[in-house]
Amino acid sequence: MATFFVNVFIYVYTGLTFCVWFQALLLVWFFTFFWDRKRRAVNRLVSVWCRVYLALNPFWGYRIRGLENMPKGPCVMVANHQGMLDIVLGYMLFHPFKWVSKRELFRAPFIGWILRLGDHVGIDRGNRTDAQRMVEMCVQLLRDGTSVMIFPEGTRSRSGQVLHFKSGAFAIALAAGVPVVPIVMAGPSETLAGLTFRPRRVRMRLDVLPPVAVAEGTPAREYAAQVGQIVREHHAHMAPYYYPQGA
């Protein structure tokens, strides 16, 4: 019974806040369309929206640490992927960036509309040509001064543990000559089971770790393995219950 009432509340609360904030988002997009080509005003408003959304929800808290580690210039941010609320947490950075996400998400209602208004980067994961287009687009964004955020695991972790990092995000960073900033999230995987919200108080956490530099000529695969290990170790410290002895 508690699960039923919690889910009714969260879905109604989410729907009502979306109706209000999305109208404001459309207005900002319309009035800044020609002079704000990077859609920074749109993405800034989404960041405010996400902060208010979490702050007013009685079931979820949040904690953001390490913002001083964000470089002043563009970077590739790589984060572990636990669920849909990762996107909400990512916006809490209040840093101008573009998400790199699977193209199916852009066709979804609500979140897809936000991604489209913000001109984020979509990718067809089964299409090599589209993957190359995504790499070129991200490199250009970085050279133009806009950071990108990528989930290098490629999919949501169902175990809660950090999965193997693929090398694409790191190849982009090497090609653009920008640092990689590890982002570690904990909590989103504890809020949802499928499409059902768990009736519990969850404090979601996001830690920004210092940028990771590598020697020139380092293969992207080695770079990915190094950063993946850093993220996994930090996540194991934040959420040790996902890592039984020796896992």
Side-chain angles (χ1 to χ4, degrees), residues 3-33 36-60 62 77 79-94 96-127 130-131 133-134 137-138 141 148-151 153-158 185 187-199 202 204 206:
T3 299
F4 173 78
F5 284 114
V6 167
N7 276 266
V8 168
F9 171 82
I10 291 178
Y11 276 109
V12 170
Y13 169 72
T14 301
L16 291 175
T17 55
F18 184 89
C19 290
V20 172
W21 283 92
F22 191 70
Q23 292 181 64
L25 195 66
L26 283 173
L27 287 174
V28 170
W29 176 84
F30 179 79
F31 286 109
T32 63
F33 182 81
D36 185 13
R37 294 293 186 180
K38 294 183 178 180
R39 304 290 175 257
R40 292 196 172 188
V42 167
N43 291 318
R44 183 76 176 181
L45 181 59
V46 177
S47 293
V48 175
W49 174 1
C50 288
R51 176 160 292 188
V52 173
Y53 175 76
L54 286 184
L56 297 182
N57 188 315
F59 296 102
W60 302 334
Y62 68 89
M77 294 177 283
N80 60 310
H81 191 17
Q82 298 198 313
M84 288 298 297
L85 286 174
D86 295 344
I87 295 177
V88 177
L89 273 181
Y91 273 116
M92 302 281 280
L93 292 169
F94 278 81
F97 69 90
K98 301 293 186 184
W99 287 105
V100 177
S101 178
K102 59 184 180 180
R103 196 172 297 281
E104 303 96 284
L105 202 57
F106 283 72
R107 295 192 288 268
F110 309 120
I111 185 61
W113 303 341
I114 295 171
L115 292 174
R116 287 180 180 274
L117 289 181
D119 282 348
H120 295 279
V121 181
I123 177 176
D124 182 350
R125 293 182 295 182
N127 187 319
D130 196 61
R133 176 203 59 82
M134 179 275 291
M137 183 178 295
C138 287
L141 284 168
V148 297
M149 172 86 86
I150 299 174
F151 295 124
E153 293 162 292
T155 187
R156 176 174 63 88
S157 172
R158 298 187 182 278
M185 301 185 190
S189 63
E190 299 161 38
T191 62
L192 273 170
L195 295 177
T196 302
F197 290 97
R198 295 186 173 100
V202 177
M204 287 175 277
L206 181 152

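Here the structure is a predicted model, which is why all the values come from computation and not from measurement.
Here the side chain of Ser157 pairs no donor or acceptor atom with the backbone of Gln82 at under 3.5 angstrom. Side chain of Asp86 to backbone of Gly83: a donor-acceptor contact under 3.5 angstrom is found. When atom types are taken as modelled, the side chain of Arg39 and the backbone of Phe33 share a donor-acceptor pair closer than 3.5 angstrom. The closest donor-acceptor contact from the side chain of Lys38 to the backbone of Leu141 lies at 3.5 Å or more, if one exists at all. Counting only distance, with no hydrogens or angles, the side chain of Tyr13 and the backbone of Tyr53 share a donor-acceptor pair below 3.5 Å. Judged by distance alone, the side chain of Arg107 and the main-chain N or O of Gly112 form no donor-acceptor pair under 3.5 Å.
Residues Leu93 and Leu206 meet the side-chain proximity criterion, which asks for heavy atoms closer than 4.5 Å. In this structure, Trp49 and Ile114 have side chains that are in contact, with non-hydrogen atoms separated by less than 4.5 Å. Proximity of Leu45 to Trp29: side-chain heavy atoms (C-beta onward) are nowhere separated by under 4.5 Å. Side-chain contact between Asp36 and Val42 is absent, with no heavy-atom pair separated by less than 4.5 Å. Between Asn43 and Tyr91 the shortest side-chain heavy-atom distance falls below 4.5 Å. Contact of the Val8 side chain with the Phe4 side chain is registered, since non-hydrogen atoms from C-beta on lie closer than 4.5 Å.
Atom NE2 of His120 sits about 5.5 Å away from atom NZ of Lys98, to the nearest 0.5 Å. Atom CZ in Phe22 sits 5.0 Å away from atom CG in Leu117 (nearest 0.5 Å).
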Next item on the list: Verify ring pair (Phe, Tyr, Trp, His ring centres under 6.0 Å) between Phe110 and Trp113, making sure each step is shown before the conclusion.
Entry: CA-CA 5 Å; Phe110 309 120; Trp113 303 341; 5.2 Å; yes
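For CZ of Arg37, the number of neighbouring non-hydrogen atoms (other residues, nucleotides, ligands) closer than 6.0 Å is greater than 12.
Close placement of the Phe59 and Phe9 rings is indicated, their centers lying within 6.0 Å of each other. Aromatic rings from Phe151 and Trp99 are positioned such that their centres are separated by under 6.0 Å.
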